[in-house]
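Inspection log for the structure reproduced underneath, given as structure tokens.
Just so it is clear, the structure is predicted and the values come from calculations on it, not from any experiment. Index from 1, following the sequence.
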Amino acid sequence: MDTAFTRTFASFKVRNFRLFYLGQSISLCGTWMQTVALSWLVLQMTHSGTQLGLVLAAQFLPILLFGVWGGVIADRFDKRHILYCTQTAAGLFALALGLLVVGHHIQLWEVYVLAACLGTATAIDNPTRQTFVIEMVGPEYLRNAVTLNSTLVNVARIVGPSIGGVLIATTGVGECFLFNAASYVAVLIALKAMRQSELRPARTQPRQPGQIKAGFRYVMGEPVLRATLLMMFIIGTFAYEFPVILPLFATITLHGSATTYSAMTACMGIGAVCGGLYTAGRGVVGIGVLVRVAAMFGFGLLLLSLAPGRLGAYIILVLVGALSVLFISLGNATLQLTSRPEMRGRVLSLWFIAFAGTTPVGGPIIGLIADHTNPRIGLATGAIATLLAAYLGMLVGKSHGRVKETD
């Protein structure tokens, strides 16, 4: 029987995806605990929004520099084997960071180095993990699986920071890094338990010169891909800098603490879960709906920048979280359903560069703006950039229709 519930969770019919989802649910809670802990650790050590932006830049600079190579690797090798390597490496880096903090040996330069190491692993892991989804579920469940994955990220955004906030307040930030290191074991177990015969691997591409240039040429020749990536580049640079702006907004603007920051992150997560479950049952994605969501996201950020107090900020963050996950999941599904299979890894690597690889540019800029004016101006900068991106996407949307889900 086709009900709203079965449509929302359609991709759970696939055993391999259920295993993957379970492993990710544990690992992502650890990742969000580490995100909160890293921001708080840097603020404790430096009391500087600029330094916080620079540390996050160190983490995401490898994505900007090597992200496209990560897409090439995803297109050339078995994705399941790549994930074994990247998940193990990320776990070891988190373990090293946790041991240094717990042992009271951590120095700022070590934070920079380990953040860069984590970013390098992520540059390869993310395009591989994103394109691995279609190999598990096939095109018929892709949009649903992508949306549920995005929803999971935001469930973890609620659970992870909540646990992280308690640990920071009671034991310290180091335990958050250690928990994250242990959480990667769940992903490795899930990958091991998958049935290879039920995967639908794309044909791996042989090594040949010009693969990166070919990826860029392909994207530039496809208007919908080009417009989607341009929107994400602008929004990713100036709006998705929440690890930089929210701690500053919580402490400076709202005069709060680590608990306030964790609550703000959790409110975003609640909204994102609601937005993700809403869009999981819908069957159409594409540039038109992406533009509308981007415009609403921009107005939501503008409202947040004007929030008079904590309660107002918490309420608006629920809305911002919902629109945030809507934009990410719709953009990701649009790219995957529009891209040719042999180009999908490179296209998704550009998407991730636009989303996270722009942090080395946007993070310090937003941190600097917040330091020299106030965090409200930093949020408003992201809002204006998002509205500009929606306008640019609209220009393309006038001449290109919606991309429908593959049946």
Side-chain angles (χ1 to χ4, degrees), residues 26-66 85-125 156 159-188 241-248 250-252 256-262 265 356 359-360 363-364 367-368 371:
I26 298 171
S27 179
L28 286 169
C29 285
T31 298
W32 276 106
M33 289 174 64
Q34 177 164 290
T35 299
V36 171
L38 184 63
S39 297
W40 205 252
L41 174 66
V42 174
L43 281 179
Q44 281 184 329
M45 295 175 72
T46 67
H47 305 287
S48 169
T50 302
Q51 283 291 339
L52 176 56
L54 289 173
V55 168
L56 291 172
Q59 182 175 349
F60 292 107
L61 184 60
I63 298 168
L64 179 63
L65 297 178
F66 310 123
C85 298
T86 56
Q87 294 287 299
T88 300
L92 291 174
F93 295 142
L95 177 62
L97 187 55
L99 291 175
L100 285 170
V101 174
V102 171
H104 304 289
H105 300 301
I106 192 70
Q107 297 183 40
L108 188 59
W109 71 267
E110 293 171 327
V111 176
Y112 274 98
V113 170
L114 287 168
C117 289
L118 283 164
T120 302
T122 304
I124 302 171
D125 180 85
V159 177
S162 299
I163 299 173
V166 172
L167 287 179
I168 290 171
T170 56
T171 61
V173 296
E175 283 72 11
C176 294
F177 300 122
L178 294 177
F179 182 95
N180 184 44
S183 73
Y184 285 100
V185 176
V187 181
L188 297 176
E241 304 300 344
F242 296 116
V244 175
I245 196 64
L246 287 188
L248 299 173
T251 55
I252 297 174
S257 63
T259 304
T260 309
Y261 172 42
S262 296
T265 308
T359 297
L368 195 65
D371 274 348

Considering only heavy atoms from C-beta outward, does the side chain of [X] approach that of [Y] to under 4.5 Å?
{"X": "Thr46", "Y": "Val55", "result": "no"}
{"X": "Met33", "Y": "Ser183", "result": "no"}
{"X": "Leu54", "Y": "Tyr112", "result": "yes"}

Quick one: pull up [atom1] in [X] and [atom2] in [Y] and give me the separation to the nearest 0.5 Å.
{"X": "Leu188", "Y": "Thr88", "atom1": "CG", "atom2": "OG1", "result": "4.5 Å"}
{"X": "Ile106", "Y": "Leu97", "atom1": "CD1", "atom2": "CG", "result": "5.0 Å"}
{"X": "Ile252", "Y": "Ile245", "atom1": "CD1", "atom2": "CD1", "result": "8.5 Å"}
{"X": "Ile124", "Y": "Thr120", "atom1": "CD1", "atom2": "OG1", "result": "7.5 Å"}
{"X": "Leu41", "Y": "Leu108", "atom1": "CG", "atom2": "CG", "result": "8.5 Å"}

Test side chain to side chain contact (heavy atoms under 4.5 Å, CB included) applied to Trp40 and Thr251, step by step: CA-CA 11 Å; Trp40 205 252; Thr251 55; 3.9 Å; yes
Could you pull out the closest heavy-atom pair between [X] and [Y], with the gap in Å?
{"X": "His105", "Y": "Glu110", "answer": "O-OE1, 3.1 Å"}
{"X": "Val244", "Y": "Pro247", "answer": "O-CD, 3.4 Å"}
{"X": "Ala94", "Y": "Leu118", "answer": "N-CD2, 4.3 Å"}
{"X": "Met45", "Y": "Gln107", "answer": "CE-C, 3.7 Å"}
{"X": "Gly91", "Y": "Tyr184", "answer": "CA-CD1, 3.3 Å"}

Going through the checks in order, is the side chain to side chain contact (heavy atoms under 4.5 Å, CB included) test met by Leu38 and Val111? CA-CA 9 Å; Leu38 184 63; Val111 176; 3.8 Å; yes
Mind listing the side-chain donor-acceptor pairs of residues 173-181 below 3.5 Å, one per line with the distance, residues two or more places apart or on another chain?
{"unit_1": "Asn180", "atom_1": "OD1", "unit_2": "Thr31", "atom_2": "N", "d": "3.0"}
{"unit_1": "Asn180", "atom_1": "ND2", "unit_2": "Gln34", "atom_2": "OE1", "d": "2.8"}

Under the rule for salt bridge (Lys or Arg N to Asp or Glu O under 4.0 Å), what residues qualify as partners of Asp371, not counting sequence neighbours?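 None.
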Check: Ser39 side chain, Val36 main-chain N or O, donor-acceptor pair, under 3.5 Å: no
